[in-house]
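Please read all numbers here as calculations on a predicted model, not as lab measurements.
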Amino acid sequence: RMFASVRNLPACVLRKARTSRIGFILMISPILILLFVMTSHVMTGANVPATARPVPLEPSIQRGLRSVEVQQAAEEKIHERTSSNAMGIPSEYFPVLVSKPGTSQATVTFCRIDFSQYHAQPSLYPMFRDIQGKFCTDKISRPMKDLVISPNALVPSGFVFHVSRCGSTMIANMLASDPDNLVFSESGALPSAVLHCDMCSEEEKITIIRLLVSAHGNSLKHKRLFFKFQSALGPHISLFRKAFPQVPWIYIYREPVEVMVSLLEGGLHAPCLRSRPNPPPALKAVLGDALSTASKEQYCAAHLNYLFGVARNAAISGGGLVVEYATLVPIFLDHVLPTLFHAPPSETMRATMLAQTQYYSKNRATDLSVFKSDAEDKQKSATAEIRKWAGEYLTQPFSALQGLTRRGLGESATVPPHTRAPLAKEGYYPQTITADESSIRAYMPFPPLQSLREILDHWSPDDPNIPATPGIAEGTLERFDFLNLTQRARAELLRHHEVPFMLFNVPEVEAVVDKWTHPYLSTQFGSRKYKIHKSLDNHFPYFNRPLAMRNPGYKPHTSLVDLTYAEWLAAAEKAKGDVVDSEHFYFQTSDYGPNRFIADDLQLFAPRRSWFIVNPKLNRGINCRFGSRGIVAECHYDGGRNFVAMLKGAKRYILLPPDECPNLYLYPRSHPEGRHSMRDWSKTNWTESPLMANARATQVIVREGEVLYIPSYWFHYIISLGISAQCNSRSGDAIRGRDDLKKCGFY
């Protein structure tokens with residue numbers, strides 16, 4: 001139009017302009033104005049950094065941004081951006097406060113913030129309030145009604161929810177160590193909209209969330225946007241997912257006892273107690289009639305039960321992953337960042353992020369404090385009250401989350417129902433893996449095994465004294481603290497896969513250890529005479545009495561004598577000196593008939609479905625063995641999942657998997673000692689038993705108060721290292737190992 005105006009000037013004016021300096025300026029002024037405008041436009045475009053993020057694409061394309069290929073294609077289209085967004089707010093100004101949300105007077109306050117020092121050392125400024133207090137250089141306010149969602153704002157790349165005290169700040173610090181990431185660690189603006197907008201409908205809250213999240217993305221200096229929310233926003237994860245259905249998320253959780261210990265350090269002001277004046281309906285449902293009388297420990301456990309349930313429901317609906325604190329860092333670096341958040345770090349950035357894990361995540365000091373794991377200290381400082389309510393309210397929900405983590409990472413796991421667990425003091429611990437063994441696609445490996453010949457040659461079975469060899473007593477089985485829910489869940493997974501392991505710190509077992517003194521047992525067994533197995537040496541090979549009676553050529557190695565418990569104990573004490581060639585007595589009994597006290601005391605073996613009893617219909621009761629020092633029970637296998645509780649003394653167990661069956665020289669099924677080895681392992685002639693030299697085994701010392709899990713069909717050879725008492729219970733049947741026994745002519 002400017003050029004047209006020049007062409008349309010009257011010819012006389014043009015002629016006069018050629019002869020007049022002023023006229024000449026008038027003639028070319030439109031051209032000068034045009035050039036000025038064009039130059040200004042180019043200069044404005046030159047201020048856009050080369051790394052600027054493209055404006056958000058249309059919703060249909062945004063929904064595909066979770067695909068790495070689409071996201072890469074989108075980032076190739078770099079558009080021009082001005083220094084002010086569609087809200088009229090200058091770049092690098094971020095919301096810090098929302099006043100009167102949900103009203104016509106709602107106002108949003110923005111701060112101009114430089115995040116560069118936060119990127120350099122995130123743990124010095126772990127929360128957004130720390131950054132705001134240190135680096136806010138200017139403030140402006142705008143009525144919320146005047147704000148609109150900016151098309152130039154960063155789109156969130158990931159949300160981080162958590163149950164509190166579980167490593168979420170460390171994750172925020174790891175993210176913030178990448179200067180391309182704009183990270184808001186517990187920004188104060190969003191809770192104002194979600195928690196304090198009492199008159200807002202769900203739709204209004206979703207609108208406000210979208211508006212404020214967009215305002216947080218008001219940066220030209222960053223490529224990605226992340227939020228780590230307050231734990232109080234965890235129960236509202238559904239709102240954020242409705243507002244941003246395509247944004248991936250993680251929900252971090254931790255072993256409940258450790259979380260409770262951390263939270264309750266705040267006393268009556270602990271975060272888990274803040275809802276007590278007005279608890280949400282779901283929390284009321286957890287506590288039931290105990291709502292008004294609950295102790296702070298009970299209320300805190302119920303609060304975590306509520307949060308675990310929220311996380312569980314979110315995980316089941318998809319779009320994110322629940323992650324346990326114990327495995328948080330490797331899962332975050334290897335799975336969450338590259339696969340879920342589509343932000344794979346370079347090798348250099350990975351090392352930078354890992355460096356953040358070495359520091360205490362909330363330093364707030366110039367001298368960085370090196371992080372030291374506090375899990376063990378928290379377990380030690382946990383009170384009985386904390387353990388009690390953690391056991392009741394959190395055992396099953398915690399294991400459910402662990403199963404969902406495995407499922408989210410592509411492993412097979414069953415999601416148990418979200419229900420309250422009964423009191424641990426009842427001797428009943430619920431199972432959390434409810435799937436049948438047939439659902440397992442690939443079994444977990446057995447523990448490390450070594451040559452059976454090396455085991456027997458190094459430590460003769462006839463010697464009940466433990467050698468000084470380092471590690472020989474512990475063996476290669478995994479050991480788990482039963483009261484540590486993380487470890488218990490791992491143990492249950494091994495049990496599901498039919499892998500042997502050890503337990504300690506089982507309350508019912510420890511209670512029986514304290515209770516079963518010899519005077520107590522003498523009183524309970526009374527003056528009744530029992531059939532006691534007697535051997536002229538220390539070996540007690542089992543035999544089937546009906547088969548022995550039908551086989552006149554068979555002569556049992558042992559005989560039966562009638563003794564009271566007190567008489568057996570005296571005989572056992574006498575045999576302590578000569579552990580090989582003297583008389584030994586082996587007392588075997590069960591919980592039937594007059595010995596009901598055994599079942600009453602060992603409630604963990606009660607015939608009901610529980611952590612220790614897989615299938616109560618196949619439970620065979622409780623069997624107890626009382627032995628003297630040096631007694632050997634020959635190598636054999638049993639069917640049914642077998643838990644062995646050591647109640648007095650200690651025993652050495654040599655364990656072999658079912659596939660060693662061909663190497664063990666077993667008596668056939670028709671023999672009175674069928675399924676037992678015909679070789680004397682204390683005097684093994686390796687020339688005559690070459691197959692045994694090929695066998696692989698492991699060994700472990702089971703001490704007083706410990707529990708050993710022997711999977712179905714595993715061979716075991718047992719030596720009593722002192723006067724001992726053990727009780728075991730078997731239940732269920734297994735698939736793993738069955739074919740191995742069939743090949744040997746059993747099952």
Side-chain angles (χ1 to χ4, degrees), residues 455-469 472-475 502 509 512-522 524-525 530-542 556-589 598 623-636 644-655 676-677 680-684 697 699-708 710 716-728:
I455 291 175
L456 297 179
D457 286 350
H458 183 76
W459 185 7
S460 169
D462 280 343
D463 182 4
N465 299 301
I466 303 175
T469 307
I472 195 169
E474 291 75 16
M502 290 283 294
V509 174
V512 175
V513 168
D514 294 337
K515 189 175 186 179
W516 278 24
T517 63
H518 288 304
Y520 172 80
L521 292 173
S522 295
Q524 294 297 325
F525 285 119
Y530 291 89
K531 298 294 183 183
I532 308 292
H533 292 265
K534 173 185 174 182
S535 174
L536 298 180
D537 57 23
N538 60 320
H539 288 259
F540 284 79
Y542 165 87
H557 186 82
T558 61
S559 59
L560 293 175
V561 295
D562 294 328
L563 298 175
T564 66
Y565 175 82
E567 291 170 338
W568 165 83
L569 181 60
E573 290 285 352
K574 184 178 179 181
K576 287 171 62 176
D578 187 348
V579 299
V580 177
D581 296 324
S582 64
E583 290 183 342
H584 284 72
F585 299 87
Y586 200 19
F587 177 21
Q588 305 179 37
T589 188
I598 295 175
N623 297 296
C624 296
R625 306 286 186 269
F626 300 83
S628 57
R629 187 169 186 261
I631 279 183
V632 172
E634 307 298 334
C635 175
H636 66 285
V644 179
M646 192 61 56
L647 305 174
K648 299 193 78 65
K651 288 187 176 183
R652 174 190 179 193
Y653 277 78
I654 300 174
L655 304 171
H676 285 65
S677 176
D680 180 355
W681 286 18
S682 62
K683 300 179 179 65
T684 303
Q699 67 180 341
V700 65
I701 305 301
V702 186
R703 293 182 169 86
E704 192 172 279
E706 296 180 332
V707 179
L708 168 66
I710 305 177
H716 41 291
Y717 182 91
I718 313 166
I719 306 103
S720 182
L721 304 182
I723 294 179
S724 61
Q726 68 154 74
C727 292
N728 69 288

Task: Flag, side chain of W568 to backbone of A572, donor-acceptor distance under 3.5 Å - done: no
- [ ] Compare every heavy atom of A645 with every heavy atom of V509, then report the nearest pair and how far apart it is.
- [x] CG2-CB, 4.2 Å
Open item on the list: Looking at K648 and W516, would you say the former's side chain and the latter's main chain have a donor-acceptor pair under 3.5 Å?
Closed with: yes
Open item on the list: Ignoring hydrogens, what is the shortest heavy-atom contact between I532 and Y586? Give both atom names and the distance.
Closed with: CG2-O, 3.6 Å
Task: Criterion side chain to side chain contact (heavy atoms under 4.5 Å, CB included) on L721 and R629, from CA distance to verdict - done: CA-CA 5 Å; L721 304 182; R629 187 169 186 261; over 6 Å; no
TODO: Hey, could you give me the OG/NE2 distance between S460 and H458, rounded to the nearest 0.5 Å?
DONE: 11.5 Å
TODO: Could you grab the distance from atom CD1 of I598 to atom SG of C727, nearest 0.5 Å is fine?
DONE: 5.5 Å
TODO: Answer yes or no: is there a side-chain heavy-atom contact under 4.5 Å between K651 and R625?
DONE: yes
TODO: Kindly indicate whether the side chain of M502, heavy atoms from C-beta on, has any atom under 4.5 Å from the side chain of V702.
DONE: yes
Task: F587 and L569, any side-chain heavy atoms less than 4.5 Å apart - done: no
Open item on the list: With heavy-atom distances below 4.5 Å as the criterion, would you say the side chains of L708 and M646 are in contact?
Closed with: no
Open item on the list: Quick check: do T469 and W459 have side-chain heavy atoms less than 4.5 Å from each other?
Closed with: no
Task: H584 and K534, any side-chain heavy atoms less than 4.5 Å apart - done: no
TODO: Heavy atoms only: give me the nearest S535-N538 pair and the separation to one decimal.
DONE: OG-N, 4.4 Å
Task: Approximate separation, where rounding is to 0.5 Å, of L456 CG and Q699 CD - done: 8.5 Å
TODO: Please examine the side chains of I710 and N728, heavy atoms only from C-beta on, and report whether any two atoms are closer than 4.5 Å.
DONE: no
Open item on the list: Nearest 0.5 angstrom please: Q588 CD to C624 SG, how far?
Closed with: 10.5 Å
- [ ] With rounding to the nearest 0.5 Å, note down the distance linking SG in C635 to CG in D680.
- [x] 12.0 Å
Task: Closest non-hydrogen atom pair between A650 and I701, with its separation - done: CB-CG2, 4.3 Å
TODO: Report yes if some heavy atom in the side chain of H539 is under 4.5 Å from a heavy atom in the side chain of S682; otherwise report no.
DONE: yes
- [ ] Going by the side chain to side chain contact (heavy atoms under 4.5 Å, CB included) test, name the single residue among T558, I631, V561 that passes it with H533.
- [x] T558
Task: Heavy-atom closest pair, residues A697 and I654 - done: CB-CG2, 4.1 Å
Open item on the list: Rounded to the nearest 0.5 Å, what separates atom CZ in R652 from atom CG in D463?
Closed with: 8.5 Å
Open item on the list: Would you say the rings of Y530 and F626 are close, in the sense that their centroids are separated by under 6.0 Å?
Closed with: no
Task: Main-chain N/O of G649 paired to E704 side chain as donor or acceptor, under 3.5 Å - done: yes
Task: Closest contact, heavy atoms only, D562 versus E567 - done: O-OE1, 4.3 Å
